[in-house]
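These notes concern the structure reproduced below.
First the proteins, then the strands, lettered A, B, ... as listed; each starts at 1.
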2 protein chains.
Amino acid sequence: MPVNPSSRPRRKPPAQTGPAASEQVDTSGLGDFVGYAIRRAQLAVFQEFKTWMAEFEVTTAQFSVLLLVRDNPGLNQKTLAGTLGVETPRMVLIVDYLENRGLVTRLASTVDRRARAIFLTAPGRKLLRQLDRRSAEYERRIVERLRGDDKETLMRMLRHLAEPV
Amino acid sequence: MPVNPSSRPRRKPPAQTGPAASEQVDTSGLGDFVGYAIRRAQLAVFQEFKTWMAEFEVTTAQFSVLLLVRDNPGLNQKTLAGTLGVETPRMVLIVDYLENRGLVTRLASTVDRRARAIFLTAPGRKLLRQLDRRSAEYERRIVERLRGDDKETLMRMLRHLAEPV
DNA sequence: TATTGTTATACTCTATAACTATA
DNA sequence: TATAGTTATAGAGTATAACAATA
């Protein structure tokens with residue numbers, strides 16, 4: 001127990017100079033912004049997804065590239081980058097990593113010799129089948145978290161917000 | 001017009017070795033994930049918010065700190081960091097920036113001399129009033145983008161997703 | 001002259017470790 | 001012994017500029 005060194009009764013410090021009680025912070029000003037709620041949800045979902053997929057050592061960006069390459073075999077890095085909204089120098093590094101792991105190959109395009117056509121390798125296809133199963137389980141977890149609300153409603157609203165203005 | 005150097009009729013390259021047509025990429029595998037839709041919405045909203053607030057030269061993180069400091073005068077950096085989900089070393093730099101701009105002050109806490117109690121300055125309060133008006137306009141734009149759907153439904157779903165598991 | 005892929009660079013953000021001054 | 005703030009550092013991610021090969 002703290003002892004007051006003076007004989008005067010201990011007073012609460014002036015509100016102006018003490019820290020706020022850390023367990024009861026007023027976040028109402030912030031919490032009503034859609035942008036803030038989206039950001040917090042995105043951080044939570046990505047963090048949980050990372051843990052959920054940890055055994056495969058694949059980031060969300062890498063997973064996205066693998067999916068797009070499977071569904072669009074032979075597409076080039078510029079298209080990949082544009083579709084995912086990352087810069088091409090970043091995409092070079094992502095594809096470098098996937099190629100070093102033997103999951104994709106870069107072939108010379110027969111159409112445009114500047115371009116590199118990206119394909120899944122056999123190990124890439126095998127890994128992606130595992131990623132598909134595991135990520136589908138995660139998606140079911142997410143939908144459970146929406147209890148009472150409809151995933152399609154959420155997706156529609158998010159797509160509206162993501163549309164270019 | 002390209003000229004085929006051989007006399008044979010030009011054939012389309014085999015599907016396996018050409019790039020996908022860049023304007024018709026199949027994103028259905030990715031587009032059905034809630035996590036992907038959240039990420040795209042977050043990037044779009046933050047990018048637009050940044051443009052919208054450009055004249056004030058304040059990032060979303062700095063704006064969040066200013067709001068929390070206004071609503072919780074005297075709170076310390078650890079509480080700020082914990083509330084916003086950033087690490088304390090990052091919060092040091094954010095508060096450094098705001099202090100250098102003269103928007104907040106760090107006072108010695110009268111309760112715990114290790115802690116720094118953060119307050120808005122008069123210029124900080126003045127700027128925040130402008131930020132309030134401008135960000136409220138932006139929030140109305142966001143709600144308009146949801147046409148037909150309810151902001152409160154979206155907020156409820158996002159908060160469910162942001163809850164710790 | 002424009003474009004794809006690439007390298008290089010700078011800046012931001014995330015994540016730790018370690019140090020200081022206090023508790 | 002533990003905690004708040006700080007410094008330092010390493011790793012992602014973002015954003016540009018510039019260059020080679022090719023269109």
*With respect to the phosphate group of D:dA4, does any side-chain polar atom (N or O) of B:R106 fall under 4.0 Å of OP1 or OP2?*
no
*d(OH, B:Y97; C1', D:dT6) in whole Å*: 21 Å
*asked:* Nearest whole Å is fine: how far is D:dT22 C1' from A:N76 CG?
replied: 14 Å
*With nearest nucleotides of DNA chain D determined for B:V92 and A:G85 from heavy-atom distances, which residue corresponds to the more 5′ nucleotide?*
B:V92
*Between atom CG in B:L93 and atom C1' in C:dA15, what is the gap in whole Å?*
13 Å
*Of the candidate nucleotides C:dT14, C:dT6, D:dG13, which contains the atom at the shortest distance from the side chain of A:R90?*
D:dG13
*Check the distance between D:dA12's P and A:L43's CG and give it to me in whole angstrom.*
18 Å
*Give the nucleotide from the list D:dT22, D:dT14, D:dT6 with an atom nearest to the side chain of A:D112.*
D:dT22
_Taking every non-hydrogen atom, the tightest pair across A:N72 and B:D26_ = OD1-N, 2.7 Å
*Parallel, tilted or perpendicular: rings of A:Y138 and A:F49 (30°, 60°)*: perpendicular
*Among C:dT6, D:dT14, C:dT4, which is the nearest nucleotide to the side chain of A:P89?*
C:dT6
*asked:* Rounded to whole Å, please give me the gap between CG in B:L75 and C1' in D:dG5.
replied: 14 Å
*Atom CD of A:Q47 to atom C1' of C:dC13: distance rounded to whole Å?*
15 Å
*Where the side chain of A:E87 is defined as all heavy atoms beyond and including C-beta, which of C:dT16, D:dT16, D:dG5 is the nearest nucleotide?*
D:dT16
*Identify, between A:R39 and A:D96, the residue whose nearest nucleotide on DNA chain C lies closer to the 5' end.*
A:D96
_Integer-rounded Å distance: D:dA12 P and A:M91 CE_ = 16 Å
*Specify the separation, in whole Å, of atom CZ of B:R116 and atom P of C:dA23.*
14 Å
*Is a donor-acceptor contact shorter than 3.5 angstrom present between the side chain of B:R114 and the base of D:dT3?*
yes
*Of all heavy-atom pairs between A:K151 and A:L146, which one has the smallest distance, and what is that distance?*
CA-CD1, 3.9 Å
_Residue B:A115, side-chain heavy atoms: nucleotide from D:dA4, D:dT6, D:dA15 that is nearest_ = D:dA4
*Please tell me which of the listed nucleotides, C:dC13, C:dG5, D:dG5, lies nearest to the side chain of A:Q77?*
C:dG5
_Derivation of the salt bridge (Lys or Arg N to Asp or Glu O under 4.0 Å) call for B:E163 and A:R40_ = CA-CA 9 Å; B:E163 277 164 14; A:R40 295 309 295 247; over 6 Å; no
*Indicate the ring-plane relationship of A:F33 and B:F63, choosing parallel, tilted or perpendicular according to the 30° and 60° boundaries.*
perpendicular
*Pick the nucleotide of DNA chain C nearest each of A:K50 and A:K78; which residue has the one closer to the 5' end?*
A:K78
*Within the structure, does a side-chain N or O atom of A:R113 lie under 4.0 Å from either OP1 or OP2 of D:dA21?*
no
